[in-house]
Amino acid sequence: MTRRPSSVTITASVTIARSSAVHRPSARVTTPVTVVVDPGAGAGGAVGEARAVAGRARVAAASSRGRRTTAEGSSSRGRPAGEARRGARITVIGGGRRCSPAAASGRDPRTPCVLQGPPMASEDRPVRVRIAPSPTGDPHVGTAYIALFNYAFARQRGGKFILRIEDTDQSRARADSEQMIFDALRWVGLSWDEGPDVGGPFGPYRQSERRAIYAEHAALLVERGGAYRCFCTAERLGQVRAQQQAEKRSTLGYDRHCRGLERDESARRAAAGEAHVIRLAAPLAGKVIVHDKLRGEVPFDVGQIDDQVLMKSDGMPTYHLANVVDDHLMQISHVIRAEEWISSTPKHVLLYQAFGWDAPEFIHMPLLRSADKSKISKRKNPVSINFYRDAGILPAALLNFLALMGWSFGGDREKFTLAEMIEAFAWDKVSLGGPVFNLDKLVWLNEKYIHELSHAELVDALLGWRLSRDHLIEIAKLVRERIKRLDEFVPLTEYFFSGDLDYAPVIAEMGIPEVEPALVGRGLLALVERLDARDGWEAKGLEEEARAWAEEHQWKTKHAFMLLRLAVTGRKASPPLFDTIVVLGKEITRRRLRVAAEAVAARKA
RNA sequence: GGCCCCAUAGUCUAGCGGUCUAGGACGUCGCCCUCUCACGGCGAAAACAAGGGUUCAAGUCCCUUUGGGGUCACCA
């Protein structure tokens with residue numbers, strides 16, 4: 001055997017551990033590191049030992065800016081992952097020079113540079129987190145899901161949980177949505193310390209009420225060269241995009257046509273009232289490193305980032321600007337949001353850079369999925385919190401179930417309270433695979449919760465649900481003329497209290513004469529879409545919608561409405577259809593329509 | 001398609017190099033309990049995507065491939 005040298009010096013490309021990544025500190029950045037090893041204590045061959053040391057040296061390299069690192073050779077097992085978790089940080093990325101904000105914001109666009117990832121929120125910084133739902137429809141389970149993790153984290157750390165309404169899209173805003181979001185969140189048991197309805201020191205908490213703030217910040221950016229006015233029309237943008245697609249360009253996006261405009265000219269045109277947007281002047285070359293607490297350093301090539309619109313021509317900010325400005329002004333310490341945001345995070349990092357602000361820590365939770373693994377959507381799954389409420393799910397069970405999506409309590413514990421979750425909460429127990437929202441398991445959990453209720457509590461739960469006095473009165477209005485004795489009430493109104501209906505007894509009659517069942521099924525789905533697009537839920541409007549729908553399909557209302565009646569009540573006779581639908585509520589109705597559509601489509605022609 | 005993320009049973013997950021002949025749960029199936037149905041109890045089938053490395057040792061680390069997902073708007 002060859003005599004071992006007294007020491008071995010290897011120079012290797014050592015990959016720097018992603019700083020403070022909770023998961024897999026895998027290689028992202030390669031930096032030459034020289035490791036000097038004393039093989040004295042090593043059990044294996046010197047080279048092998050040196051490699052092991054090099055592995056351990058990753059962390060050291062990360063924390064020492066890639067300078068020469070000496071590591072003691074020893075046979076103890078290095079755990080870079082654990083060490084990385086404990087806070088090794090990257091301060092220099094790769095070999096590029098650091099960017100000045102000016103360079104980053106485009107004054108010096110030709111010089112390649114590497115942007116530093118956002119600094120980590122320091123451990124002792126007060127925790128302030130937020131959820132920022134957009135009031136564009138029904139309260140979404142995804143909102144509750146993300147809210148839960150924000151809430152649990154905030155509570156554990158004694159921090160604040162903030163609710164902010166992101167209503168900058170005037171075209172999609174829905175009048176009743178905001179209140180429904182409040183109600184739904186409170187229903188599951190999450191409450192906020194600051195928000196539009198409770199106030200707070202950093203208000204207003206509705207973005208539509210903060211327009212002046214965004215305008216001011218956008219102007220500041222334009223002044224500094226970090227953003228510019230764009231006068232391109234929608235048509236031109238469309239053409240550019242079409243051409244890029246025709247050319248099969250790998251990177252799509254705005255062609256920066258207006259970026260070269262002279263400042264004076266730009267200002268003059270704006271002053272003259274010409275419609276324009278304000279765009280981010282993204283650096284033209286280099287990398288942006290996003291630091292994600294769960295994933296570590298996520299690199300993005302700046303070439304992939306286009307000059308994102310910051311201010312729309314209607315004077316409203318886009319999400320990107322509003323979210324960065326608000327998070328900074330509201331002193332948000334951790335941005336906990338869904339994974340779908342990860343690819344726009346580099347833009348946000350660029351914005352923080354351009355403003356000269358420290359970025360919060362980013363934590364992207366995995367996306368809730370439908371059974372086919374795609375992002376959960378109302379076409380494939382009930383996504384409204386109201387659905388689960390109306391379907392008889394207890395709020396505690398829903399919350400517990402949501403906690404199971406991507407997080408594990410520890411041990412084999414699956415059933416736990418919010419308080420217990422807060423106590424046990426830790427980011428390293430989050431798993432990154434996208435969890436499928438599985439109704440079966442939710443129902444099983446719900447069963448557990450119901451069985452724990454006392455008899456009196458069960459009754460209270462029922463009375464607070466569809467057996468409430470108010471709801472019964474609504475039903476009484478519909479059936480009083482239709483019963484002769486009290487004992488007829490329950491059998492006659494059973495479908496007001498049921499979940500999914502059994503269509504087997506009536507399936508033969510669920511159809512439209514001379515129309516393929518598959519087409520009828522599709523028609524039912526089309527009605528769901530129409531109903532979704534509506535604002536209110538009152539009989540007159542519903543009837544109008546249904547009539548328009550029947551006409552569109554060229555179905556006689558007689559047939560179309562019987563189809564609906566069967567779908568919604570499972571019966572051929574019911575109180576007036578649209579009044580019934582109103583009382584049934586949107587969630588039960590749309591679910592039944594969907595289930596019926598499936599049943600019908602599966603029917604033999 | 002470019003970029004990014006992810007990868008243990010049908011599903012949710014445990015697993016942080018040796019304790020894994022891979023643990024728990026939902027669902028499925030069987031048995032028991034039982035006047036029925038449920039609950040409950042017991043049991044069974046069912047997974048480390050593939051291929052290369054690294055290592056004495058890999059589900060666990062690295063790479064590639066494959067697969068899945070997200071994103072590429074004057075939507076959030």
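We name chains A, B, ... by the order of the sequence lines, and we start the count at 1 in each one.
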Would you say [N] has OP1 or OP2 under 4.0 Å from some side-chain N or O of [X]?
{"X": "A:K415", "N": "B:G24", "answer": "no"}
{"X": "A:R279", "N": "B:C74", "answer": "yes"}
{"X": "A:K448", "N": "B:G40", "answer": "yes"}
{"X": "A:S344", "N": "B:U71", "answer": "no"}
{"X": "A:K441", "N": "B:G10", "answer": "no"}
{"X": "A:K312", "N": "B:C75", "answer": "yes"}

State the pairing partner of [N]; accept Watson-Crick or G-U wobble contacts with both distances under 3.5 Å, and report none otherwise.
{"N": "B:G40", "result": "B:C32"}
{"N": "B:A45", "result": "none"}
{"N": "B:U54", "result": "none"}
{"N": "B:A7", "result": "B:U66"}
{"N": "B:C72", "result": "B:G1"}
{"N": "B:U60", "result": "none"}

Using a heavy-atom cut-off of 4.0 Å across all strands, would you classify [X] as base, sugar-phosphate, or nothing?
{"X": "A:G406", "value": "sugar-phosphate"}
{"X": "A:R413", "value": "nothing"}
{"X": "A:S313", "value": "base"}
{"X": "A:T136", "value": "nothing"}
{"X": "A:P135", "value": "nothing"}
{"X": "A:G253", "value": "nothing"}
{"X": "A:Y319", "value": "base"}
{"X": "A:V436", "value": "sugar-phosphate"}

Counting only side-chain heavy atoms from C-beta out, which of [options] sits nearest to [X]?
{"X": "A:S374", "options": "B:G70, B:U11, B:G24", "result": "B:G70"}
{"X": "A:I342", "options": "B:A76, B:C4, B:G23", "result": "B:C4"}
{"X": "A:P299", "options": "B:U11, B:U13, B:C5", "result": "B:C5"}
{"X": "A:D169", "options": "B:C6, B:G69, B:A76", "result": "B:A76"}
{"X": "A:K375", "options": "B:C74, B:U13, B:U71", "result": "B:U71"}
{"X": "A:R241", "options": "B:C3, B:C74, B:A76", "result": "B:C74"}
{"X": "A:E340", "options": "B:U71, B:C75, B:C5", "result": "B:U71"}
{"X": "A:L404", "options": "B:C39, B:C12, B:G23", "result": "B:C12"}
{"X": "A:T318", "options": "B:A76, B:C4, B:U11", "result": "B:A76"}

Interatomic distance at [atom1], [N] relative to [M], whole Å:
{"N": "B:U8", "M": "B:G69", "atom1": "P", "answer": "14 Å"}
{"N": "B:G67", "M": "B:C29", "atom1": "C1'", "answer": "30 Å"}
{"N": "B:C63", "M": "B:C4", "atom1": "P", "answer": "13 Å"}
{"N": "B:A44", "M": "B:G1", "atom1": "C1'", "answer": "47 Å"}
{"N": "B:U66", "M": "B:G51", "atom1": "P", "answer": "15 Å"}
{"N": "B:C48", "M": "B:G43", "atom1": "P", "answer": "24 Å"}
{"N": "B:G59", "M": "B:G18", "atom1": "P", "answer": "11 Å"}
{"N": "B:C37", "M": "B:C32", "atom1": "P", "answer": "13 Å"}

Search all heavy atoms of [X] against all heavy atoms of [Y] and return the closest pair with its distance.
{"X": "A:L148", "Y": "A:L190", "value": "N-CD1, 3.7 Å"}
{"X": "A:P317", "Y": "A:K312", "value": "O-CE, 3.3 Å"}
{"X": "A:I305", "Y": "A:K347", "value": "CG2-CG, 3.7 Å"}

Set of ring-ring contact (aromatic ring centres under 6.0 Å, His included) partners for A:Y319, sequence neighbours left out: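 Expected list: A:W341, A:H348.
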
Set of ring-ring contact (aromatic ring centres under 6.0 Å, His included) partners for A:Y205, sequence neighbours left out: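 Per chain and number, A:Y205 pairs via ring-ring contact (aromatic ring centres under 6.0 Å, His included) with no residue.
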
In whole angstroms, how far is the [atom2] atom of [N] from the [atom1] atom of [X]?
{"X": "A:W444", "N": "B:U13", "atom1": "CH2", "atom2": "P", "result": "14 Å"}
{"X": "A:L367", "N": "B:C6", "atom1": "CG", "atom2": "P", "result": "13 Å"}
{"X": "A:D428", "N": "B:A14", "atom1": "CG", "atom2": "P", "result": "10 Å"}
{"X": "A:L237", "N": "B:A73", "atom1": "CG", "atom2": "C1'", "result": "9 Å"}
{"X": "A:I363", "N": "B:C5", "atom1": "CD1", "atom2": "C1'", "result": "16 Å"}
{"X": "A:K347", "N": "B:C3", "atom1": "NZ", "atom2": "C1'", "result": "11 Å"}
{"X": "A:M405", "N": "B:U11", "atom1": "CE", "atom2": "P", "result": "12 Å"}
{"X": "A:Q308", "N": "B:U71", "atom1": "CD", "atom2": "P", "result": "14 Å"}

Parallel, tilted or perpendicular, as decided by the 30° and 60° cut-offs, for the rings of A:F409 and A:W407: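 Taking A:F409 first and then A:W407, their aromatic rings stand perpendicular (interplane angle over 60°).
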
Any donor-acceptor N or O pair under 3.5 Å, side chains A:S374, A:D372: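 Per modelled atom types, A:S374 and A:D372 side chains form a pair under 3.5 Å.
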
Under 3.5 Å side-chain donor-acceptor pair for A:R337 and A:T345: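 Yes, side-chain donor-acceptor contact under 3.5 Å.
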
Among A:D138, A:D535, A:D532, the one residue meeting salt bridge (charged side-chain N to carboxylate O under 4.0 Å, His left out) with A:R174: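 So the option named by the test is A:D535.
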
Side-chain heavy atoms of A:R369 within contact of A:N381, under 4.5 Å: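 No, their side chains stay 4.5 Å or more apart.
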
Donor-acceptor pair (no angle test) under 3.5 Å: A:E414 side chain, B:G24 base: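 Donor-acceptor pair under 3.5 Å: yes.
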
Base B:C72 paired with A:S343 side chain (donor-acceptor, <3.5 Å):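 In this structure, the two groups form no donor-acceptor pair.
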
Toward the 5' end of RNA chain B, by each residue's nearest nucleotide, A:W407 or A:H320: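 Looking at RNA chain B, the more 5' nearest nucleotide goes with A:W407.
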
